Amino acid sequence: MEVPGINFLAIPLKEKENWSLEIRPKANLFDLKFKEFWQYRDLITLFVRRELVPTYKQTILGPLWFILQPLLTTLIYSLIFGAIARIPIGGMPQIVFYLPGIVLWNFFNSSFLKCSSTFISNAPIFGKVYFPRLVLPVSGMLASLVNFFIQFGLFLVFFLYYYLFSDYQLHPNWHIALLPMLILTVAFYSLGFGMMVSAFTTRYRDLTHFLAFGTQLLMYATPIIYPMDIVPDKFKWINSINPLSPVFEGFRQSFLGIGQFQTQNLVISFGLGILIFFTGLILFNKAERTSIDTV
Amino acid sequence: MSDIAIKVENLGKSYRLGTVGTRSMARDIMGLFSGTQKEKANENTIWALKDVDFSIKKGDAVGIVGKNGAGKSTLLKLLSRTTAPSTGSIKVSGKISSLLEVGTGFHPELTGRENIFLNGAIMGMSNRDIRAKFDEIVEFSGVARFIDTPVKRYSSGMYVRLAFAVAAHLETEIMIIDEVLAVGDVDFQKKCLGKMKEVTGSEGRTVLFVSHNMSAVKALCNYGLFLEKGTLRSTGPVQAVTEAYTAANKGLIETSDLADRTDRSGNKSVILVDYYAEDMAGNRIETVLTGEDIAFCFTLRCGPEKARNVDFGLNFYDPEEANMGVLYSSYQAVYFEMEPHQLMRIKCVVPNFPFTIGTYKVGTRIVVNNEESDWLLGGAGFISVENGDFYGTGSTGFTHPYMTNFLGRWIHEVQK
């Protein structure tokens with residue numbers, strides 16, 4: 001039935017506003033902008049390159065520095081903790097015992113430190129141009145990861161040598177299949193903690209002074225220079241509340257077959273890592289909006 | 001779809017004054033619980049930008065003018081998303097790229113080639129886009145021979161040229177440009193201006209351009225925004241806006257960052273705080289033609305004591321620091337007197353400017369009561385010269401750079 005006088009079509013449809021970008025004072029806390037991040041993936045590759053290439057430019061030994069550093073650290077640890085302090089290492093060759101922990105720790109430490117200084121060391125460039133700030137921590141992590149794989153290759157060489165040509169009892173086992181999960185867990189923690197620290201340091205610099213001390217403390221609370229089973233009972237809680245313990249213990253256990261690794265601990269650690277990562281990401285995204293006003 | 005590129009509504013940005021310390025942390029924590037974010041915005045905050053509304057049509061070239069501290073840079077920062085606004089909103093249709101300072105993100109250890117890719121990616125280009133534009137960028141920059149050399153070996157001129165070349169070839173709908181033309185030599189500046197005209201004209205992109213140089217704004221833009229003390233004072237066709245800006249600044253003596261320079265000697269009883277050059281119509285200029293009349297304008301600031309017998313001298317250096325000529329006001333028996341803390345602008349009109357093509361450094365020295373008061377060791381600024389009609393006959397004469405033209409009275413006799 002027609003109703004006279006009313007013509008619905010005559011009411012103009014409000015033109016739908018179609019903006020490609022809206023900038024407002026407050027952003028949705030849970031808008032993590034992954035799509036935008038993905039559009040800048042080329043920048044990530046370039047930043048990774050920028051991190052890695054200058055490390056060995058204008059040096060005589062060049063890329064050799066990537067493997068010399070963990071070798072020298074291993075030498076020092078072997079001397080101090082092995083030869084002097086005589087920490088028992090389960091009858092393993094020293095280099096094969098220390099190297100995996102050092103290599104994995106290097107990955108965590110360098111990724112964490114790069115990430116935690118994001119806003120402070122990049123303030124000049126952040127003040128001039130916009131790109132998703134998340135690109136920087138992620139490329140710092142990936143550069144550390146590349147480094148890790150090189151150093152991990154070094155470990156494999158030593159490992160295979162001792163496995164094939166010596167009488168040491170090395171027991172590589174199915175836990176090697178967990179390697180990707182171990183690496184991911186370390187990546188999540190380094191990014192998560194790193195982003196939290198970087199978000200906090202945009203306003204308060206206190207944490208930067210604490211960092212060197214804090215990472216060192218964390219290193220000793222993680223089974224890197226000692227196997228978990230020699231820890232006295234009254235200190236065992238330290239290892240068990242440290243979410244990185246099962247990761248490092250698992251890493252060594254999968255190749256050497258020594259240690260107290262339990263898969264469920266790793267799963268818990270992995271889950272917590274994801275949680276830390278997203279918490280860090282939310283804080284980081286909140287901080288990035290006004291970081292240049294306070295840094 | 002509407003033809004608006006940028007729509008700004010009720011935009012504001014406040015900054016909290018003072019230092020960050022334990023007290024600000026206490027305040028942050030209090031703020032978390034009391035939830036009185038708005039009430040806090042009183043005594044210790046300043047508004048760098050407040051209640052700004054405007055919209056910009058697609059394809060417009062917009063000049064943003066205003067004095068130092070008027071909020072131009074804040075506006076650009078908000079538009080380029082380097083910081084978030086405190087109030088209001090900005091709606092954008094199209095991709096924005098900002099050219100706030102050329103060479104952002106250049107890494108000194110990487111080669112020119114690597115830096116082109118890195119810089120382009122920072123500005124939001126994909127590797128494929130950059131590869132497609134690569135030859136054009138290198139060609140425009142003129143550093144093809146050094147493209148595989150680390151940029152730390154580049155001269156500053158090459159560095160800037162390469163950086164501008166990358167930025168100028170960005171494929172974005174909206175470009176934000178902040179005074180980048182103040183770099184490079186005269187030829188390259190011309191090239192940049194040409195490129196910017198091309199961008200706005202034939203390519204139809206939207207450009208926002210911030211500058212103190214009214215003639216550049218007028219040449220490049222069709223629309224203007226005039227900011228004053230954080231608010232929008234006027235908008236409209238560029239001619240009207242630049243006129244409003246010039247009128248608002250008449251009789252106002254500005255100081256520039258010259259005042260903060262430390263490369264100076266003298267007892268500082270009177271110091272130089274600003275320098276610029278003007279044509280006879282009162283427009284600021286950076287380039288003069290040989291034979292044109294030009295006014296060199298200097299702002300002096302008196303110290304806490306009255307100064308008598310102020311003698312002002314200026315001179316010109318060629319690029320090899322050879323002195324091309326000196327003029328003190330005392331040579332013409334002119335002295336100035338200044339009251340304590342007074343600002344004074346001295347204009348020295350030089351008729352029939354004698355030097356040939358080149359970029360000359362302008363040096364200054366102030367002498368009070370025969371004692372050196374202020375000598376800027378690095379010079380006060382520059383003046384570029386193009387060959388012109390010095391003789392008034394249409395002949396440019398001897399066009400070698402860094403020469404002095406002079407007139408003669410010609411008399412001849414013939415032997416009987």
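Convention: sequence-line order gives letters A, B, ...; per-chain numbering from 1. Just so it is clear, the model here is predicted, and its values are computed rather than measured.
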B:Glu9 side, atom CD; A:Arg24 side, atom CZ - distance, nearest 0.5 Å: 7.5 Å

Heavy atoms of other groups near B:Lys152 NZ, more than 12 under 6.0 Å: yes

Short side-chain to backbone donor-acceptor contact, A:Asp42 and B:Ser126, under 3.5 Å: no

B:Ile122 versus A:Val129, closest heavy-atom pair with distance: CG2-CG1, 3.5 Å

Non-hydrogen side-chain atoms of A:Leu21 and B:Ile90 separated by less than 4.5 Å: no

Closest contact, heavy atoms only, A:Pro25 versus B:Gly88: CD-O, 3.0 Å

Region of A:Arg41 in contact with chain B, defined by heavy-atom distances below 4.5 Å: neither

From CZ (A:Arg49) to CG (B:Leu110), nearest 0.5 Å: 7.0 Å

Region of B:Leu78 that comes under 4.5 Å of a non-hydrogen atom in chain A: backbone

Separation of B:Thr83 OG1 from A:Ile23 CD1 (nearest 0.5 Å): 10.5 Å

Top of B:Thr87, B:Leu11, B:Ile96, B:Val8 for chain A proximity - count of heavy-atom pairs under 4.5 angstrom: B:Thr87

Side chain / backbone / both / neither for B:Ala48 at chain A, heavy atoms under 4.5 Å: neither

Test: B:Arg81 and A:Glu22 ion pair at under 4.0 Å: no

Stepwise side chain to side chain contact (heavy atoms under 4.5 Å, CB included) test for A:Phe47 and B:Leu118: CA-CA 7 Å; A:Phe47 270 140; B:Leu118 182 61; 4.1 Å; yes

